[in-house]
Amino acid sequence: MNVYEGKSVFHGIAIGRISIYKKGEQQVKRVKIDDAETEIARYEEAKIQAVKQLQGLYQKALREVGEANAAIFEVHQMMLEDDDYNDSIKNMVRTQEVNAEYAVASTSDNFAQMFAAMDDDYMKERAADVKDISERVLTVLHGGGGGAAAIKEPSIIVADDLAPSETVQLDKELVLSFVTVYGSLNSHTAILARTMAIPALVGTPLPLDDTIDGKLGIVDGVNGKIYVDPDESTLARLKKMQREDIQRKELLQTLKGKENITLDGKNVMLYANIGNIKDLAAVLQNDAGGIGLFRSEFIYLEKEDYPTEEEQFQIYKQAAETMAGRRVIIRTLDIGADKQCDYFGMEQEENPALGCRAIRICLTRPELFKTQLRALFRASAYGKIAIMYPMITSVKEVKRIQEIVSLVKAELTNQGIEFGEPEQGIMIETPAAVMVSEELAEEVDFFSIGTNDLTQYTLAIDRQNTKLDEFYDSHHPAVLRMISMVVQNAHKAGIWAGICGELGADQTLTQEFLAMGVDELSVSPGSILPIRKIVLETNVEEYKAGK
Amino acid sequence: MKDFKYVITDPEGIHARPAGILVKTVKEFACDIKISKGGKAMNCKAIFGVMGLGAKKGDEVTLTFDGEDEEQAYEEVHKFMSENL
């Protein structure tokens with residue numbers, strides 16, 4: 001078994017025979033000619049043929065992969081009809097008295113070099129376009145028809161690079177995946193693979209010889225790898241991944257775009273939890289209605305020193321803009337307990353879970369807190385940001401936060417810096433917050449229940465301690481009653497309440513939460529669609545009656 | 001002769017596809033049309049020239065029109081640029 005790594009263009013798993021795509025390499029000889037005008041006429045004729053072929057490819061691509069991907073063939077036609085390109089060829093034939101083939105090949109090299117030298121990755125890729133159109137003319141001049149690749153069974157197509165005219169001539173039904181040695185994420189192969197929704201790798205340094213041709217291969221588009229001649233355990237593992245991937249995609253197809261509404265018409269918001277800006281793609285792919293928990297800690301944990309306001313602002317702004325008007329709930333710094341940052345210089349604590357963490361750090365070090373709040377308020381001007389404060393135990397803490405927020409807003413106003421008015425809510429993750437939730441609800445815009453800590457603090461069981469498993473019950477009635485109580489108190493004050501802890505993704509409780517009137521569930525992106533399925537199949541009133 | 005300056009606002013700049021459409025548009029006119037950036041002037045009717053400018057978002061390009069139908073060409077191309085680029 002050999003493994004090669006490349007850049008993944010599209011997620012997914014493909015398993016099949018590897019087929020190396022061999023180009024019909026054109027050998028061009030320089031030949032002295034006597035009659036330049038006859039040679040130019042030969043070129044003109046070949047060009048007309050080539051343009052006709054491109055028109056055909058445009059139509060084929062239009063049918064198979066859509067207008068956006070087909071447009072390149074229209075551009076190719078224009079390139080072939082470009083005055084500078086044609087003048088260069090004709091000029092060479094006349095002045096150097098060379099054959100049309102040689103003039104085309106030389107002109108192609110010159111123009112390709114111009115693009116390759118440009119300071120723009122996208123434009124660099126266009127060098128391949130010049131070569132592609134020139135190859136086409138050369139094939140016609142050689143009397144060839146421009147042959148399609150001979151693949152007969154579903155295959156993983158491997159090549160050093162693929163021109164658009166080559167990919168479009170492949171029988172799409174038989175292409176399981178593309179893997180190219182060269183090419184970038186902007187290459188046509190990459191764009192096409194995304195359109196066809198098949199896994200593909202570019203920039204994969206693998207040898208194009210008998211060690212891979214015809215062998216069984218697995219393309220792992222999730223981790224950017226291709227396995228050649230996989231051993232049994234790898235094959236079994238990837239087959240399982242493939243099945244799960246297919247199931248997930250099927251679910252996605254049927255559930256995407258649907259509203260989260262029960263049979264008896266109750267709506268629930270299904271949001272995603274993310275721990276990094278990189279997760280935004282997964283959020284959109286899984287059709288989340290918003291982000292219910294954006295753990296801002298990663299910004300601090302990935303750094304050697306305190307992140308600046310500007311750094312934070314850019315990240316929050318990107319999240320807000322990407323989600324385009326959908327709610328993005330950002331939790332302020334939740335460092336402490338099991339998440340430590342050296343540069344914070346925190347003292348060792350006897351009992352960190354009950355120690356100086358989250359909002360307690362922010363309230364004891366307001367300058368740190370203000371930096372994050374300024375970034376959040378500024379980013380709110382670019383989308384629907386909501387701020388969520390963790391580890392609240394009392395109304396007094398909320399009042400102190402409100403004072404700091406007023407200071408931040410006054411500062412921004414004085415400095416003439418633009419900011420928005422984000423919703424502000426709190427996490428309910430301590431038994432104390434549950435007990436005073438009626439009063440807390442008067443102070444904030446929403447509640448989000450953090451079930452991990454709430455369960456740990458309520459049952460007085462450290463979840464990391466596996467020796468206590470027999471005492472631990474994630475469905476403990478105490479916790480479920482607390483959730484119900486929080487939701488009722490929220491509704492009494494006219495605000496909404498959601499769950500962002502792991503319990504929110506527990507599918508055996510989804511109906512129970514709907515019955516309690518939970519307004520929002522924030523779960524990992526991959527759990528959104530399975531939960532949407534349950535929501536769509538539930539009748540809340542019937543469920544309550546049957547209990 | 002007529003000319004106008006234009007700052008590219010399309011985030012992609014004048015890439016392959018927009019370059020193709022621009023060339024298609026200017027080819028409708030008989031007059032000589034040039035596009036230039038930073039002192040480098042290119043025939044606007046040739047796609048390689050237009051793409052070769054590598055005009056990106058924020059770059060200022062100048063279009064010049066010289067010939068019989070320059071008035072009309074100016075109007076049309078100006079409209080095209082502000083709507084598409």
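This structure is a prediction, so every number in the text was calculated from the model and none was measured. In what follows, every chain begins at residue 1, and chains take the letters A, B, ... in the order their sequences are listed. Scope of the values below: all heavy atoms of this structure, side chains included, with no hydrogens, waters or symmetry mates.
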| said: Quick check on the structure: residues of residues 32-50 of chain B within a heavy-atom distance below 4.5 Å of chain A, by number. | reply: B/N43, B/A46, B/I47, B/F48, B/G49
| task | Taking atom CD of A/E37 as the centre, report whether more than 12 heavy atoms of other residues, nucleotides or ligands fall under 6.0 Å from it. | result | yes
| For atom OH of A/Y182, is the number of surrounding heavy atoms from other residues, nucleotides or ligands below 6.0 Å larger than 12? | no
| CE on B/M51 to CG on A/D82, rounded to 0.5 Å | 10.0 Å
| query | With A/E311, which residues qualify under side chain to side chain contact (heavy atoms under 4.5 Å, CB included), at least two apart? | reply | A/K303, A/P307, A/T308
| said: So for B/K24, is it side chain, backbone, both, or neither that comes closer than 4.5 Å to the heavy atoms of chain A? | reply: both
| message | Tell me if the NZ atom of A/K131 is crowded by more than 12 foreign heavy atoms within 6.0 Å. | response | no
| message | With rounding to the nearest 0.5 angstrom, report the CE to NZ distance, A/M78 to B/K27. | response | 6.0 Å
| For A/K52, does the NZ atom have more than 12 heavy-atom neighbours from other residues, nucleotides or ligands under 6.0 Å away? | no
| Can you tell me if CD on A/E45 sees more than 12 non-hydrogen neighbours from other groups inside 6.0 Å? | no
| Just wondering, are more than 12 heavy atoms of other shown residues or ligands nearer than 6.0 Å to CD in B/E60? | yes
| request: Counting only heavy atoms closer than 4.5 Å, note whether A/M114 contacts chain B via side chain, backbone, both or neither. | output: side chain
